[in-house]
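Taking it in order: structure first as structure tokens, then the write-up.
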Amino acid sequence: MARLFAEYEVESPVGLERAARVIAGEQSCGTFMRLPGETDDLRSRAGANVEDVIVDEVRDKPSLPVRKPGTAYERGRIVLSWPLANMGPSLTNTLATVAGNLFELAEVSAIRLTDVTFPDAFADACPGPAFGVEGTQRLADVSDRPMIGTIIKPSVGLSPDETAALVQQLCDGGIDFIKDDELQANGPHCPLAERVRAVMDVINAHAEKTGKKVMYAFNITDEVDEMKRNADLVLAQGGTCLMVSLHSIGLAGLGAIRRHAQLPLHCHRNGWGLFQRSPDIGLSYRAWQKFWRLAGADHLHVNGLGNKFSESDDSVIDSARAVAEPMFCGKRASFAAMPVFSSGQTAVQIEPTYRAIGTTGFIYCAGGGIMGHPGGVAGGVASLRQAAEAAVKGISAADYARDHRELADALKVFGDRFG
């Protein structure tokens, strides 16, 4: 019988063995007491199993508030498994199983979901990314280097025509990818339909003139029916990418738009800090991103090196590697997504980013790193292109900058952003 496995880091005032049994019961067929209908046969068929318990340390204080303080708090790792028959190959019900009521149990003083292993039935039932890395690179006509991107700034406040004017500068500067800020969706000062028409007029004209079509990710985050209409609007205007905010639309929302849309889905993780920032509660990115890949995410944000947030560089690189790792064995789909680096990025961080993940299959977005360049938008884009070229060629940015003025200017202005 196929089973789904989940790994957790747990701390408990009652001991890890007991805490694991409580979680297994709470998240399957049990509760705080044995009920008449909970027969041995039912427990054998539907109960969660405790597969492993490893105690790493014992602490004298709880990491999270507890109702009944103990004298010792075991902390370590547990692995649980569930029969697939409990939830079926359903992402929404699986999430309720592995990340449901367990976070508030009195028997835990810290708990974090660190990984999930899905049985093969999910590969058959879930749509997965429609485009991924190769499909995105094909649409953007970029394959031998990272895709250079940016975010419309100011985030909100620009009109459709003002947005289009900025897009014109970016296209002329040689940008590959542009995205709406997650705060800009369909507000009255910049309605999506008007923004799509104004921006695509610029992008289509640029493509006709140069042969290169810049990819623009329009933020269609909304109710499901509205997202479908907006996806059709972008497609009809010649657009090549859609953006959604994952925590706003949920797994069911992403699955619905994945099955409807005919364009890559650029998936923003705004709100992720709620799960990531504390080491004592939440979900690891390794576990979280698997759900979204199965649901259909083509691009997934992974923060960036030397970012403006609290995430460490090691965590960023681990996240970027995770979204490209195969989820199933053999000939089954890998469900690989394209990592998107963003947050305080400049020409300075491209070389270490490329070196760390060893592939050109990523999108590298810089806002201030482009707009704040001494040479303006064109200079900012050029500096990123040059930094990417140097990284792929194995030449240090400092050496390459000797013959590339825009990169040299970027290193002077942004040199303290990393390392």
Side-chain angles (χ1 to χ4, degrees), residues 118 120 122-150 174-179 203 207 210-218 220 231 234-235 238-244 246 254-255 257-269 285-286 289-302 304 316-342 350 353-365 384-385 388-389 391-393:
F118 292 87
D120 288 347
F122 282 84
D124 299 324
C126 299
F131 292 83
V133 174
E134 292 182 2
T136 299
Q137 290 176 327
R138 185 175 61 253
L139 283 174
D141 193 23
V142 176
S143 60
D144 57 349
R145 58 172 174 77
M147 284 176 58
I148 303 303
T150 193
I175 201 79
D176 301 313
F177 175 87
I178 308 170
K179 63 175 283 292
I203 289 177
T210 66
K212 177 180 174 61
K213 191 164 198 176
V214 173
M215 179 175 281
Y216 190 112
F218 291 98
I220 64 167
V234 173
L235 179 66
T240 56
C241 195
L242 307 168
M243 175 178 148
V244 291
L246 294 177
L254 180 61
I257 195 60
R258 160 64 177 86
R259 289 178 171 89
H260 176 86
Q262 300 176 54
L263 298 173
L265 296 175
H266 184 86
C267 297
H268 202 295
R269 70 179 196 177
Y285 194 80
R286 280 194 161 268
Q289 54 88 24
K290 289 182 178 180
F291 285 91
W292 299 110
R293 284 164 61 190
L294 286 168
D298 290 295
H299 312 156
L300 280 166
H301 279 235
V302 296
V316 170
I317 294 304
D318 184 69
S319 296
R321 291 172 177 164
V323 303
E325 291 175 357
M327 291 186 63
F328 303 99
C329 299
K331 295 181 180 179
R332 293 182 177 275
S334 70
F335 288 85
M338 192 170 197
V340 181
F341 292 88
S342 187
I350 290 185
T353 299
Y354 172 75
R355 190 169 60 243
I357 65 172
T359 175
T360 59
F362 62 91
I363 300 174
Y364 190 86
C365 287
L384 294 169
R385 288 279 294 267
E389 291 166 3
V392 173
K393 292 177 180 178

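Here the OH atom belonging to Y216 is positioned 12.5 Å from the CG atom belonging to L242, to the nearest 0.5 angstrom. Interatomic distance, R385 CZ to I350 CD1, rounded to the nearest 0.5 Å: 10.5 Å. For the atom pair CD1 of I178 and CZ of F218, the computed distance is 9.0 Å after rounding to the nearest 0.5 Å. Distance check, rounded to the nearest 0.5 Å: CG of D298 to CE of M338 gives 10.0 Å. One distance of note links NZ of K290 with CZ of F122; it measures 12.0 Å at 0.5 Å rounding. Rounding to the nearest 0.5 Å gives a distance of 4.5 Å between CG of L300 and OH of Y285.
Every residue two or more places apart in sequence or in another chain that forms a side chain to side chain contact (heavy atoms under 4.5 Å, CB included) with A320 is listed here: V302, P339, F341, I357.
Listed here is the closest heavy atom pair of V340 and H299: CG2-CB, 3.7 Å. Closest approach of T359 to F362, counting heavy atoms only: O-CE2, 3.1 Å. Residues M215 and P264 share a closest heavy-atom pair of CE-CG, 4.4 Å. When all heavy atoms of C267 and L254 are compared, the closest pair comes out as SG-CD1, 4.0 Å. Minimum interatomic distance between A231 and I220 (heavy atoms only, all atoms of both residues): CB-CD1, 4.2 Å. The two residues G238 and K213 make their nearest non-hydrogen contact at O-NZ, 2.7 Å.
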Show me the donor-acceptor pairs, under 3.5 Å and distance only, between side chains in residues 137-146 and residues at least two apart or in other chains.
residue : atom : partner : partner atom : Å
R145    : NH1  : D176    : OD2          : 2.6
R145    : NH2  : D176    : OD1          : 3.0
R145    : NH2  : D176    : OD2          : 3.3

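Two rings, from H266 and H301, have their centers less than 6.0 Å apart.
Residue pairs satisfying the salt bridge (Lys or Arg N to Asp or Glu O under 4.0 Å) criterion with at least one member in residues 318-330, sequence neighbours excluded, are listed as follows: R286-D318, R286-E325.
Side-chain atoms of R259 do not come within 3.5 Å of backbone N or O of G296 as any donor-acceptor pair. Looking at R258, its side chain does come within 3.5 Å of a backbone N or O of G128 through a donor-acceptor pair.
Just one residue in the list F335, F328, F291 forms a ring pair (Phe, Tyr, Trp, His ring centres under 6.0 Å) with F118, and that residue is F291.
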